[in-house]
Amino acid sequence: MAIIVNLDVMMAKRKLSLNELSERVDLTLSNLSILKTGKAKAIRFSTLETICKALDCPPGDILEYVNEDGEQ
């Protein structure tokens, strides 16, 4: 997939566990886990906004585009 989810990287930088983030953004552990592992097919902008607020980062720190040739 061309979109890479770096949620785990940002969580590590902020020293937040999945449980803590789940409580802060009011999402289930399973939904956050799906997003964190890159298995999500879509994300609502409102959810992305909430996660960005909780992690104090822009969306570009969480989502990354990589073209099919592996270039960023």
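In what follows, every heavy atom counts, from backbone to side chain, and hydrogens, waters and symmetry copies are set aside.
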Pair C57-R14, side-chain contact (heavy atoms from CB on, under 4.5 Å): steps then yes or no: CA-CA 10 Å; C57 68; R14 302 296 190 258; 3.9 Å; yes
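- Between the CG atom of D8 and the NZ atom of K13 there is a distance of 11.0 Å, given to the nearest 0.5 Å.
- Summarising the geometry of T28 relative to S22, their closest heavy-atom pair is C-OG, 3.9 Å, with the distance given to 0.1 Å.
- Taken from CG in L27 to OG in S33, the straight-line distance is 12.0 Å, to the nearest 0.5 Å.
- Proximity of a side-chain donor or acceptor of T50 to a complementary backbone N or O of S46 within less than 3.5 Å is detected.
- Across all non-hydrogen atoms, the minimal contact from P58 to C52 is C-SG, 3.8 Å.
- Inter-residue side-chain proximity for I51 and L35 is flagged as met; some heavy-atom pair is nearer than 4.5 Å.
- Of the inter-residue distances, the one linking E20 atom CD with K15 atom NZ reads 12.0 Å to the nearest 0.5 angstrom.
- Among the candidates L29, V9, N31, L7, the single residue satisfying the side chain to side chain contact (heavy atoms under 4.5 Å, CB included) test with K36 is L7.
- A single hydrophobic cluster is not seen to contain both M10 and I34; linkage of ILVMFWY side chains at heavy-atom distances under 4.5 Å, directly or through other members, places them apart.
- The two residues P59 and L48 come nearest to each other via the heavy atoms CB-CD2, 3.9 Å.
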Could you walk me through whether N6 and L63 satisfy the side-chain contact (heavy atoms from CB on, under 4.5 Å) test, starting with their C-alpha distance in whole Å, then the side-chain angles of each, then the deciding distance to 0.1 Å, before giving a yes or no? CA-CA 6 Å; N6 294 315; L63 302 176; over 6 Å; no
